[in-house]
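On a predicted model such as this, the values are computed, not experimentally measured, just so you know. Residue numbering restarts at 1 for every chain, and letters A, B, ... go by the order of the sequence lines.
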Amino acid sequence: MKLDLDQLRELIRLLDEANLTEIEVEHDDDRIRVRRDPAPLPAAAPVESVAPVTAQGPEPVGVSSAPEDDDGAYITSPFVGTFYRAPSPDGDPFVDVGDSVVQGQVLCIVEAMKLMNEIEAEAAGTIVEVLVENGKPVEYGDRLFRIEIG
Amino acid sequence: MKLDLDQLRELIRLLDEANLTEIEVEHDDDRIRVRRDPAPLPAAAPVESVAPVTAQGPEPVGVSSAPEDDDGAYITSPFVGTFYRAPSPDGDPFVDVGDSVVQGQVLCIVEAMKLMNEIEAEAAGTIVEVLVENGKPVEYGDRLFRIEIG
Amino acid sequence: MFEKVLIANRGEIALRVIRTCRELGLRTVAVHSEIDTEALHTRLADEAICIGPAEPSRSYLHIPAIIAAAEITGADAVHPGYGFLSENPEFAETCAQCGLEFIGPLPEQMRLWGDKVSARAMAKSLGLPTLDGTELIEDVEDAVRKAEGLGFPVLLKASGGGGGRGMHVVHSKEGLRAVFETARAESRAAFGNDALYFEKFLERPRHIEFQILGDKQGNIHVLGERECSIQRRHQKILEEAPSVALTDEMRRDMSVTVRRAMAEAGYLSAGTLEFLLDERGELTFLEMNPRIQVEHPVTELVMGIDLINEQIRIADGQPLELPAQPLTPRGHAIECRINAEDPDTFAPSPGVITELHMAGGTGVRVDSGVYGGGRVPPHYDPLVAKLIVHAPTRVQAIAKMRRALSETIIGGIRTNIPLHQRILEHPAFEEGRISTKFLDELHPERMLTAPVRH
Amino acid sequence: MFEKVLIANRGEIALRVIRTCRELGLRTVAVHSEIDTEALHTRLADEAICIGPAEPSRSYLHIPAIIAAAEITGADAVHPGYGFLSENPEFAETCAQCGLEFIGPLPEQMRLWGDKVSARAMAKSLGLPTLDGTELIEDVEDAVRKAEGLGFPVLLKASGGGGGRGMHVVHSKEGLRAVFETARAESRAAFGNDALYFEKFLERPRHIEFQILGDKQGNIHVLGERECSIQRRHQKILEEAPSVALTDEMRRDMSVTVRRAMAEAGYLSAGTLEFLLDERGELTFLEMNPRIQVEHPVTELVMGIDLINEQIRIADGQPLELPAQPLTPRGHAIECRINAEDPDTFAPSPGVITELHMAGGTGVRVDSGVYGGGRVPPHYDPLVAKLIVHAPTRVQAIAKMRRALSETIIGGIRTNIPLHQRILEHPAFEEGRISTKFLDELHPERMLTAPVRH
């Protein structure tokens, strides 16, 4: 692939000049996109407060009620609790990367208040990634598995 | 790939005029998209405070140590006090609009602590505008006269 | 002592508890809903756990999620704040079963005082003065008999109600017949319980409440009174301590009565006994709130104490450190609840706070759960901040609150600051001539048309 | 009473005065330099007048401009704050000549107490305990004689000095000969006066000061003491009230002595008598500051009063409203001066404050002259805010201050918050084992290399 760097520079200059966040140009099979996320300038930060240095512990990660984004679909935790991949400490994992799963199949357990909550697949698909380590705590909405639907 | 920068600029102008955040145009195999994310405007305001409604009274006007801007040169007040255009209540004004003045010529009086401070022209020129009413208070740096130098 | 406290709440009270925990060297766990991921309590706690979506029933009211959050963080105590689960005996019991110290009263005390009829009976048996009232009503004919026995006007109340909900003023037999079945159905729908009873209706009472603390050694302290007569539809808006309506003698006498009654009841932790004060100067028991209250700071300021600190000490089994004799108030304190709502229509005004400048200086305390750039979600209480002032006299406290309100800037949402300013400028308020009808009489037309908010 | 007060100052103290004026229903006029056009005092006053460029000598110290600002706004009283013109007798006299009520002491009192030698002689004659010292020194030989009479180590002080400036510790005759002429030249350059004298040098004293108020009826109130031993090069950094080093008896005895002395001196308005406390428990007079002081809020919090309010009442000719017997402190208060400076090198750090979150909650007071987005100019004192806490005990106050500092976020400039945190975590500070040498001993190497700041 041959890059026309000058053209690219021209686009970036334009982006800056016009204070844009994105320019995308497509022509035949060519496509150029330049993008700059809105700068988190000092003033764009929360105005009165920011998280103090003392705030620690489990960061709420990617809590998303829309389970699908660019990278595929996610199974998120509907409970706060402890994540287990197998029905018993020495049992085999319910699923592993590469496994095909059917709708309703048990993928893992989230334990809370001594109750073992089985988390089921909402749709058929293939497990692409296991995102939480066995025995680790999870929050509501934490991503547990990445799954390719279908 | 050939960029039509003028067309792009036209699109950006349109984006601005209509206060949009995105324009996307697709034609045959060509596609152009320009995008500007909503600026974090609110957060760009003073972070903790703004002037409260109770703040009133004389607004500090155009306090400028550089007496010259687009509109010409200004004679500013070097004192806080009361502005008088004439040497006595029934006297003639020292100067009026249209008068030519020479360097060192007395233009007005600013009274403070019963002292009559004579304000002199720093350079020769023509009085274009008298900016403060006779007998009104002035702050340090307030513009008193607009003058055309030369 | 326990070492890590989970705060089962949000907003300013969660922050309030976090602050005292930090001063005591206790670690803190915030729980939050998805919409509160950036909330101030989430940010200021040592740890934060997302427990569910924005709907309270699936997060802040969802007991299993809160207990699970305590489990995975290793918290060993829970502070419930006010509202949400603070008066839920099942929650307190579940905490105990899971080995978590519940920082609040015992579940049986919540049950006892939570039911309005049993509370009134208990109060009477403990020697507290009660408003003339009746037993539970059987049917509409029984209602007419009981109401005539008590004498109109009467207040028809739901036994399961509270916080001003489930009440009807009835002026005549006809009115009673017209409203009775509706009231019963409402009560059933709102509280799952259609038991109703009558109380004598006072036209223009003042709302006076006494703050108490009880420890595990059985000591009870009465920490003076607050006056909370400025209410809109039984929602308190502005509170003060002490009340101008009480003489030193009334305060002393009622403190003795309350202390004796609560010692006999074996009450533990912080609680508030609410009274009505009629125009003849009689105090009668209204209800007992077994929790910390929104307006507790006015007591803290005039008494020079930290009530959350005392709650924590009590839960840990330590005796109260307060002197044995009643503390006397120093100066006067006023609290304004700053709500995200239209000051005229009272419609909620959630949104993003674009600018925030809270008042400061001598005698000004700010308890806030928000920050500039932060969001006030529509799912919860509209309280965004409490502005509290303390000055040597009531006149000075009023002047200070006016000054503090004039400095306060909250941009991006509407707030009830203009309403507070109207209250504080009103001659009747300045003279202390107030009652729970004050706001109705300030804006009679508005009170009729404004939407009900529960 | 006067109706419009001009505040001849800037920063937090200007705001402090504006706030009390507003509470009293007085209108306010801010004066400001060009660079302070957007400053908070400029914004919060009822009126604001630009009086000159950024340089203090042409604005905040420029008497004609301030008087002219009062003339054009119709102000009828002036509050000088602290610093700038607050101890300038010519300014007080000019105000009086122009018909402006000066809210502070009489010019002759400023003259009396402003000169260190006459102040010490006056204090002695009024029965205040003074440190052994000498008359003015004639020449180097006289210096050697006088120093040997007093006994080394001695402190060589400039009569015109103050606030810790113009002092040299001398340990031997040789050292004295080496430093004498330099000290005389420095004094002449800094204070326009080369008069020097000796005082006994204390190795590790504590700084204790008593707050007083005198009214036009001749009443003097002594409002307890403050301890300000945490200093860097005689600049106070952290202050508290009461002092752990005083017993009730010492406090009572010195209050009686101070009241009698100040009544005899006919002192008017707010003032502070500074003492050194040596390791044997002896208090000796250091100097008298005829003005309100930076650290006055710690006294306000433990005494429950408003000192600016009292200053205004006094200027108006009203008697003090305080009870006749000495007020007793309630709880413990600590103030941290938050300066825009590097916490390690102490180099000033002016600039734009990009983020600001000040602490809140129970027992926290914030007196600040800045806002998020505002600028700290390089021309003035680096004090950007005072964080002040109040709690029942000293231990609780320390915990509260640690908590409050941990919540405070000031972005865009460096501040001395980390230094305060180090002080508050230090075991010796916690135990109250402090002296004016505390910071030197905390960072000995730093104190030697840090730039001098006046």
Side-chain angles (χ1 to χ4, degrees), chain C residues 12 15-25 40 43-44 296-297 300-309 321-322 330-331 355-369 371-373 385-386 388-393 395-404 406-407 409, chain D residues 12 15-25 40 43-44 296-297 300-309 321-322 330-331 355-369 371-373 385-386 388-393 395-404 406-407 409:
Chain C
E12 69 86 19
L15 230 70
R16 170 73 189 82
V17 176
I18 289 170
R19 284 170 164 158
T20 288
C21 286
R22 182 155 295 157
E23 292 172 21
L24 290 170
L40 205 48
R43 292 173 156 211
L44 279 177
H296 76 275
E300 294 186 323
L301 290 178
V302 297
M303 293 302 184
I305 55 166
D306 179 334
L307 286 166
I308 302 290
N309 177 32
E321 272 189 321
L322 308 170
R330 183 162 90 170
E355 299 173 83
L356 184 66
H357 176 75
M358 294 304 294
T362 339
V364 174
R365 167 175 167 187
V366 177
D367 274 33
S368 151
Y371 54 94
K386 302 187 309 201
I388 314 135
V389 300
H390 186 208
T393 66
V395 168
Q396 288 170 298
I398 292 172
K400 191 179 287 291
M401 183 60 91
R402 286 182 191 151
R403 183 276 284 178
S406 80
E407 273 180 25
I409 298 166
Chain D
E12 69 86 18
L15 229 70
R16 169 75 190 81
V17 176
I18 289 170
R19 284 170 163 156
T20 288
C21 287
R22 182 156 294 158
E23 291 171 20
L24 290 169
L40 206 49
R43 291 173 156 210
L44 280 176
H296 75 276
E300 294 185 324
L301 290 177
V302 296
M303 294 301 185
I305 56 166
D306 179 334
L307 285 167
I308 303 289
N309 177 32
E321 272 190 320
L322 307 170
R330 184 161 89 171
E355 300 173 81
L356 184 67
H357 176 75
M358 294 304 294
T362 339
V364 175
R365 167 175 167 186
V366 177
D367 273 34
S368 151
Y371 55 94
K386 301 186 311 200
I388 314 136
V389 301
H390 187 207
T393 65
V395 168
Q396 288 169 297
I398 291 173
K400 191 179 287 293
M401 183 59 90
R402 286 182 191 149
R403 184 275 285 177
S406 80
E407 274 180 25
I409 298 165

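Using a 4.5 Å heavy-atom cutoff, the side chains of E300(D) and D306(D) are in contact. Between V364(C) and M358(C) there is no side-chain heavy-atom pair separated by less than 4.5 Å. Here the side chains of N309(C) and Q396(D) are in contact, with some heavy-atom distance below 4.5 Å.
Shown here for E407(D) and G360(D), the closest heavy-atom pair between the two residues is OE1-N, 3.4 Å. Closest approach of A397(D) and A391(D) over heavy atoms only: N-CB, 3.6 Å. Taking all atoms of both residues into account, the shortest heavy-atom contact from L40(C) to S368(C) is CD2-O, 4.3 Å.
For L301(D), the part lying under 4.5 angstrom from a heavy atom of chain C is the backbone only. Only the backbone of V302(C) comes within less than 4.5 Å of a heavy atom in chain D; its side chain stays farther off. Residue L24(C): no heavy atom, backbone or side chain, is found under 4.5 Å from chain D. Residue R19(C) touches chain D through both its backbone and its side chain, counting heavy-atom pairs closer than 4.5 Å.
Note on I305(D), V366(D), L15(D), T362(D): by heavy-atom pairs under 4.5 Å with chain C, the leading option is T362(D). With chain C as the partner, the residue from M401(D), R330(D), K400(D) showing the most heavy-atom pairs under 4.5 Å is R330(D). Contact count against chain C (heavy-atom pairs under 4.5 Å) is highest for G304(D) among G363(D), G25(D), G304(D), G331(D). In terms of non-hydrogen atom pairs under 4.5 Å with chain D, the most contact-rich of M303(C), R402(C), H390(C) is M303(C).
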